[in-house]
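Since the structure comes first, as structure tokens, the remarks are kept for the end.
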Amino acid sequence: MLDKYYEHELVEKDVYESWEKDKDFVSQANQPNSEPFCIVIPPPNVTGTLHMGHALNNTLQDILIRFQRMQGKDVLWQPGMDHAGIATEMVVERELAKNNIKKSDLSRDEFVKKVWEWKDVSGGQILNQLKRLGASCNWDRERFTFDEGLSEAVRYVFIELFNQGLIYRDKRLSNWDPKLKTTISDLEVIQKEIKGNLWYIEYDIENSDEKIIVATTRPETMLGDTGIAVHPDDDRYKNLIGKNAILPLVNKSIKIVADEYAKSDQGSGAVKITPAHDFNDYEVGKRNKLEIINIFDEDACLNKNVPEKYQGLDRYDARQIIIEDLTEIGKLIKIEENLHTVPYGDRSDVVIEPLLTDQWFVDAEKLAAQAIKKVKEKETNFIPKNWEKTYYEWMENIQPWCISRQLLWGHQIPVWYGPDRKPFAANSYEDALNLAKNHYGKNVNIEQDTDVLDTWFSSALWPFSTLGWPEKTVEFDKYYPTSVLVTGFDIIFFWVARMMMMALHFTETIPFKDVYVHALVRDEKGQKMSKSKGNVIDPIVLMDQYGADSLRMTLCSMAAQGRDIKLSAQRVEGYRNFITKIWNAIKYFEINDCHHSNTNLEKCKNDFNIWILKQLVQCENETKKALETYRFNEAANTLYKFTWNIFCDWYIELSKTILSEPSHDDKIETQNVASYVLNNIMIMLHPIMPFITEHLWKEIDFINQNNSKKIIHSEWPKIIETDKDDNGNVNKLIEIISSIRSTRSELNVPPKAMVEICYDDNQSGLNEIFNKYSTALSSIAKIKSVQDFKGPRSEGDIQIIHENETFFLKLFNIIDFKEESIRLKKNLSKVSSEIEKIRIKLDSKNFIENAPEDIIQEQKDRLDEYLSSKLKIEDAIKSFSS
RNA sequence: GGGCACGUAGCUCAGUGGUAGAGCAUCACGUUGACAUCGUGGGGGUUGUUGGUUCGAUCCCAACCGUGCCCACCA
């Protein structure tokens, strides 16, 4: 016997352990022709812990994986983790700081060793959390972006791109993170709106009494100014073009140039140019051949290129002092408040400084062409489709990708420099040495580049590097290109786009056929969850409280395409109740000794059984279609409604009339059908709710129809279609029972009071229902008996109209007739207003002339039905008032 | 500035060119046989506004208002 309640804590642990023990996640599809289905997991950071985004992302993947496994496909869900360069380095630095160790105290090798030590002890916590969620990954194939095989792929790709000229070293302005002391890519820069000031500074014109005023949001950068730009058509400044201004505090002469970049209506119309520290100024500087002076060191403190007084100052301290100094010499003309955006590092959250440095770049523009083309040609499809536009937008305006990072934890750039700094890209020191020897014609000393690659460089190879590429492997042949990538929209640029580019360049095929882009999980008020706001809902806490299946079902049912998910615990509770409902339903069938024997379900005779089997077919069709088209919410809702509102609310209730009787053919048939339907509900629910379904499958043998396989390996149902038909009787019965219940409730008939029905038995539709289902009417609608009725209606006969037939509840002495009068009037007004609406439609010439015939007929039929009801209601009202 | 979503019941959200739905909340009634983590019934809507297309629009189109996000720029 099942326990009173489902104890998810114990069950989930047991079930998962048994899956792992029996290697149930390894595909058991052994047929040589079984179709492959493969998903590569978006590798979580090795530092990560499960948040709601992961929970959603992996729930959806697991649903697809389990669903396809049940379809008999050869399934691989490739798991693994990302070494997450910056994130991990920051975590380990923090750990070291607890022991008063600084990163700079350690050598490169020592630091990397510390990171590995940290990883072995504290890394990868998230994988266990994914297991709690039920993720059925092929864990024995777990990969790490820092594994030797994947590192090999990274080196291979780098060297190839280098040799093809698609990776190059360049000195240009890059985003410099002064806290992490590394460059970062454009994508890692976040623009924030900041309230600042606009300072107006006056410069003297050389050899003249004239002045020029510039406006700036960053006065400290003036120390690196090498020019002033004005618009060529700006009459105010035309006479100054070509002259020199004296840079205050530095007392240096800088050139005034004409450049269209200067906008007359902004600031003072004259803009100071700091080519080394601003992307626009850099371009202006190049156009006008201005000197480039770098005034910052790697901490964003002022360096030796500024007057001694300011050397070594932090940029913001310098700003303060410069403002004071300018004020003192009377050169600060005015200060305006100014709202402007400032670039911040996404990891460090400090202001990014554009800095002129040597870095490695990928020529993304060249790689993007194919990546755009393959989506346009629909080889790869985004779902929902609107993300394709975002993808094109970015791809078509793609900038060179800065891939070098001045960090320690990452793939060290496989480049060695000769004595003249000539770079040799090679797989190893020895290979590089040979290249150098060939080049120089003698043995030379070479030194490896100390930078590492952007984490996303290795992630970009993930779909094929995890399958063993560049080696030729069985897995690569079988599973690549992968079937679908499931990811959040926030990493379309970071990851999806780059995988497309790398895959097409190196494997000459798309990396995945579909990209399912899911939404963000927000809190119940629609706020983005964040630690600082304190509104984070921890999926682990929800799983502790309600179980993993409840959380999965919640996420699945809310994963409608194109909308963010606002999650609340209350919703999860609702789906926990759904699980309880299933639990109790199964207890009922267990008590009633339901089991499956070899009865031919096709030959079912009982209407209830025929009906539920037809409903099941419909449910299966809809669920399957929904999952095949990534409509997760529709799948969840279809199953929920079928299980609760059809199977439990009606089939179970109707079956009670049969199962409570002594054994007879109908009973045996019902026991069979009930177990068959439950069996299929369990299978269809399994992808969404794997734990409870696997548990019940094992515990209850009438669900697991003598099948020794676990549910995880069950085949998706092929529902038996009955050749009989109930002629719509059961649906009609349900409608009639609902009408009776509604009437009883409105008239305050005591719930347990048994009442009589009388009706004119010339109404053949009602006749069949009342004769055939008297037991059901009795138990569910509390109908004592049904009588023919020919003569005039007697007092207390309450009319109920179903379609165009009428029957009466005999409620004399039971009800208050005032209530009935109210009920009738309410019904009359409802019917009248419907009639009015339809009449307007049918009276319209346009409608009659233009609408299709079947729509017109439908409206006419509805009108007839309502008119007949109206007469009957009016009749009843009349009889009451008399 | 460019782009993309979204506006439907008190809340969270589905959905559809022809009768607008669910969950939660709310109200009434109901517990000795699957289930109070429940059942039955009720109330609750000018589908953001204004136009257009159409016989017919909540759905398609346009504009507007409001909300959220992405990209770019900002002296």
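Side-chain atoms are counted along with the backbone in the values below, which use heavy atoms only and exclude waters and symmetry mates. Note on naming: letters A, B, ... go to the chains in the order of the sequence lines (proteins, then strands), and numbering restarts at 1 for each one.
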Describe the nucleic acid contact of [X] in one word from base, sugar-phosphate, nothing, applying a heavy-atom distance below 4.0 Å.
| X | answer |
| --- | --- |
| A/P219 | nothing |
| A/Q266 | base |
| A/S745 | sugar-phosphate |
| A/A262 | base |
| A/Y261 | base |
| A/Y5 | base |
| A/A560 | sugar-phosphate |
| A/T217 | sugar-phosphate |
| A/E653 | base |
| A/R862 | base |
| A/R218 | nothing |
| A/K263 | base |
| A/L198 | sugar-phosphate |
| A/N338 | sugar-phosphate |

What's the closest nucleotide to the [X] side chain, out of [options]?
| X | options | result |
| --- | --- | --- |
| A/F493 | B/U37, B/A5, B/C70 | B/C70 |
| A/Y866 | B/U19, B/C35, B/C71 | B/U19 |
| A/S738 | B/U40, B/C4, B/G41 | B/G41 |
| A/F847 | B/A34, B/C55, B/A5 | B/C55 |

Protein-nucleotide distance ([X], atom [atom1]; [N], atom [atom2]), rounded to Å:
| X | N | atom1 | atom2 | answer |
| --- | --- | --- | --- | --- |
| A/E834 | B/G18 | CD | P | 16 Å |
| A/F578 | B/G39 | CZ | P | 12 Å |
| A/N397 | B/C4 | CG | P | 14 Å |
| A/K841 | B/U19 | NZ | C1' | 9 Å |
| A/D186 | B/C70 | CG | P | 16 Å |
| A/N748 | B/C27 | CG | P | 18 Å |
| A/E220 | B/A75 | CD | C1' | 13 Å |
| A/I565 | B/A5 | CD1 | P | 19 Å |

*Shortest non-hydrogen contact from A/D225 to A/Y203?*
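Looking at all heavy atoms of both residues, the shortest contact is OD2-OH, 3.1 Å.
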_Least distance between heavy atoms, A/Y866 atom then A/I835 atom_ =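 Where A/Y866 meets A/I835 most closely, the heavy atoms are CB-CG1, 3.5 Å.
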*For A/N197 and for A/Q570, locate the closest nucleotide of RNA chain B by heavy-atom distance; then report the residue assigned to the nucleotide nearer the 5' terminus.*
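Between the two, 5'-proximity favours A/Q570.
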_Residue met sooner reading RNA chain B from 5', once A/I848 and A/I652 are mapped to nucleotides_ =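 By nearest-heavy-atom nucleotide position, the 5'-most residue is A/I652.
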Interatomic distance at [atom1], [N] relative to [M], whole Å:
| N | M | atom1 | answer |
| --- | --- | --- | --- |
| B/U49 | B/U8 | P | 10 Å |
| B/A22 | B/A72 | C1' | 42 Å |
| B/C65 | B/A9 | P | 23 Å |
| B/U47 | B/A36 | P | 40 Å |
| B/C59 | B/G17 | P | 11 Å |
| B/A75 | B/C13 | C1' | 47 Å |
| B/C27 | B/G43 | P | 16 Å |
| B/A25 | B/C11 | P | 16 Å |

No-hydrogen, no-angle side-chain donor-acceptor test under 3.5 Å, [X] and [Y]:
| X | Y | value |
| --- | --- | --- |
| A/H340 | A/E193 | no |
| A/K625 | A/T623 | no |
| A/T221 | A/K272 | yes |
| A/Y516 | A/Q561 | no |
| A/S557 | A/Y575 | yes |
| A/S655 | A/Y588 | yes |
| A/N731 | A/E735 | no |

*asked:* Could you check whether the side chain of A/Q399 and the base of B/A72 have a donor-acceptor pair of N or O atoms closer than 3.5 Å, going by distance alone?
replied: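 Check fails, no donor-acceptor contact within cut-off.
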*Please state whether the base of B/U40 and the side chain of A/R741 form at least one donor-acceptor pair under 3.5 Å?*
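Donor-acceptor pair under 3.5 Å: no.
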Could you tell me whether the phosphate oxygens of [N], OP1 or OP2, come under 4.0 Å of any side-chain nitrogen or oxygen in [X]?
| X | N | value |
| --- | --- | --- |
| A/K782 | B/U40 | no |
| A/K566 | B/C13 | yes |
| A/K389 | B/C4 | yes |
| A/N577 | B/C38 | yes |
| A/S742 | B/G42 | yes |
| A/K581 | B/G39 | yes |
| A/W394 | B/G2 | no |

So, are [X] and [Y] salt-bridged, with charged N and O less than 4.0 Å apart?
| X | Y | answer |
| --- | --- | --- |
| A/E834 | A/K837 | yes |
| A/E746 | A/R823 | no |
| A/E337 | A/K195 | no |
| A/K385 | A/E388 | yes |
| A/K263 | A/D265 | no |
| A/R218 | A/E353 | yes |

*Under 3.5 Å, side chain of A/D259 to main-chain N/O of A/Y261, donor-acceptor pair present?*
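Pair found, side chain donor or acceptor close to backbone of A/Y261.
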*Give the dot-bracket string for RNA chain B, reading 5' to 3', where a pair is Watson-Crick or G-U wobble with both distances under 3.5 Å, ( ) marks pairs inside the strand, [ ] marks pairs crossing earlier ones, | marks a partner on another strand, and . marks unpaired.*
(((((((..((((....[..)))).(((((.......))))).....(((((..]....))))))))))))....
For nucleotides 29-33 of chain B, print each protein N/O atom paired with a nucleotide N/O atom at under 3.5 Å, atom names and distance only.
none

What nitrogen or oxygen pairs link the protein and nucleotides 46-48 of chain B at under 3.5 Å?
none

